[in-house]
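Notes follow the structure.
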Amino acid sequence: MSTTPLNDLFRYPIVQAPMAGGASCPELVGAVCAAGGLGFLAAGYKTAGSLYQEVKQARRLTGRPFGVNVFMPQDGPTADPAAVEVYRHQLAGESGWYETPLGETDEGRDDGYESKLAILLEDPVPVVSFTFGCPRPETLAAFARAGTFTIVTVTSAEEARTAEAAGAGALCVQGVEAGGHQGSYRDDPAEEQPGTGLLTLLTQVRETTALPLIAAGGIMRGAQIAAVLAAGAAAAQLGTAFLGCPESGAHPLHKRALTDPLFHRTALTRAFSGRPARGLVNRFMREHGPYAPAAYPELHHLTAPLRKAAATAGDAQGMALWAGQGHRLARELPAGELVALLAAELDIARTGLDLRNAS
Ligand SMILES: Cc1cc2nc3c(=O)[nH]c(=O)nc-3n(C[C@H](O)[C@H](O)[C@H](O)COP(=O)(O)O)c2cc1C
């Protein structure tokens with residue numbers, strides 16, 4: 001079966017980012033796809049079985065193409081058990097405060113990668129994207145044979161070269177502004193880099209490869225989509241902009257926090273998961289971020305009961321409030337209306353660019 005080109009997968013170059021943890025549920029995907037965008041389910045943290053249920057539900061809700069995002073197994077140094085133990089002690093007070101034991105850290109590092117691949121190859125979906133690494137060439141070739149378009153998330157020109165050599169169909173270029181985890185191939189604190197802003201990274205990657213590029217990070221308005229298209233992207237991927245939609249499965253406190261003046265800035269932190277991720281700065285991040293070791297997914301499992309208890313208690317200060325730098329620009333609209341508004345803004349911005357170029 002031949003793979004559909006990227007541009008045939010959407011009417012507007014607007015991709016709703018996969019958001020693990022419940023936000024990018026089938027209802028959100030269905031609404032985005034119906035409006036002409038490309039919606040994504042997130043396989044991260046789910047069992048292969050519940051992923052398959054979500055795929056079936058998305059198919060019931062839309063006949064349009066949609067994607068599934070898969071976490072790559074972790075590459076790079078394994079966590080130092082002693083550092084994880086020190087962090088466990090550091091969180092003892094949180095455990096007492098929320099009256100819940102901390103989670104077990106030995107729940108596996110691969111997020112069920114192989115069983116998710118098996119399901120997605122057995123019953124293919126139109127698009128599969130990967131984050132935290134690049135699949136082997138044989139895996140990408142197997143998806144191409146199944147008629148699935150593949151996308152690999154990159155955070156540097158070097159990662160882009162690797163993904164192109166492996167046979168990716170397109171790249172999702174993720175700037176440091178992005179909400180949630182940075183999708184870098186490795187999390188090696190010895191090679192720690194501050195991360196690159198989207199427009200600079202996009203330009204670097206554009207000059208590295210001819211593959212179609214999807215730009216992600218801090219995009220909240222149609223004019224920003226026009227800007228990344230002008231810089232060589234084929235589409236824009238938006239996460240935070242869709243978090244607050246009524247169809248999004250994000251926790252109501254998370255949705256509200258996006259525009260709450262109490263949360264006025266974001267930062268990258270390892271506090272909740274052990275891997276750098278961008279979220280609204282809250283008490284938990286301030287108190288524990290500086291001490292959190294590079295230990296993903298160990299810290300993700302360790303803090304899971306705390307995050308759950310904080311959400312149950314209605315305490316946004318103890319939750320992982322993933323959000324991109326543009327969070328204050330969030331608009332609480334139904335997803336279909338948001339896609340239509342972004343497309344209209346994009347049109348206006350492009351017309352303005354054409355007029356300026358013509359004069
Ligand atoms: C709540 C949340 C969860 C996310 N989960 C995933 C995920 O499971 N897989 C993935 O590739 N990216 C994930 N991301 C990152 C997005 O794909 C995208 O890079 C990011 O949302 C773009 O930045 P923006 O939020 O400023 O639009 C997540 C982002 C957020 C906000």
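Model, not experiment: these values are computed from the prediction.
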- Task: For a side-chain contact (heavy atoms from CB on, under 4.5 Å) with Phe149, tell me which candidate from Thr4, Val125, Leu9 qualifies.
- Result: Leu9
- Worked verdict on Leu346 versus Tyr12 for side-chain contact (heavy atoms from CB on, under 4.5 Å): CA-CA 9 Å; Leu346 169 61; Tyr12 304 119; 5.8 Å; no
- Task: List for me each residue that meets ring-ring contact (aromatic ring centres under 6.0 Å, His included) alongside Tyr296, sequence neighbours excluded, and say none if there are none.
- Result: Phe132, His181
- Where do Asp123 and Arg59 land on the salt bridge (charged side-chain N to carboxylate O under 4.0 Å, His left out) test, with the steps shown first? CA-CA 12 Å; Asp123 189 359; Arg59 283 188 183 133; 3.1 Å; yes
- Going through the distances and angles, do Leu38 and Val32 end up as a side-chain contact (heavy atoms from CB on, under 4.5 Å)? CA-CA 6 Å; Leu38 177 65; Val32 168; 5.9 Å; no
- Are Lys46 and Asp111 close enough for a salt bridge, meaning some N to O gap below 4.0 Å? no
Please examine the side chains of [Y] and [X], heavy atoms only from C-beta on, and report whether any two atoms are closer than 4.5 Å.
{"X": "Leu258", "Y": "Leu243", "result": "yes"}
{"X": "Glu345", "Y": "Gln224", "result": "no"}
{"X": "Ile214", "Y": "Val173", "result": "no"}

- Item | Worked check of ring pair (Phe, Tyr, Trp, His ring centres under 6.0 Å) between Tyr291 and Tyr87 | CA-CA 7 Å; Tyr291 311 102; Tyr87 197 58; 8.3 Å; no
- Task: Report the C-alpha separation of Thr153 and Tyr185 in whole Å, then their side-chain angles, then the decisive distance to 0.1 Å, and conclude whether the side-chain contact (heavy atoms from CB on, under 4.5 Å) test is met.
- Result: CA-CA 9 Å; Thr153 303; Tyr185 289 3; over 6 Å; no
- Where do Glu85 and Arg88 land on the salt bridge (charged side-chain N to carboxylate O under 4.0 Å, His left out) test, with the steps shown first? CA-CA 5 Å; Glu85 267 324 288; Arg88 178 184 284 283; 3.4 Å; yes
- Task: Keeping the roles fixed (side chain from Thr312, backbone from Lys308), state whether a donor-acceptor pair exists under 3.5 Å.
- Result: yes
- Item | Interatomic distance, Phe71 atom CZ to Arg275 atom CZ [nearest 0.5 angstrom] | 9.5 Å
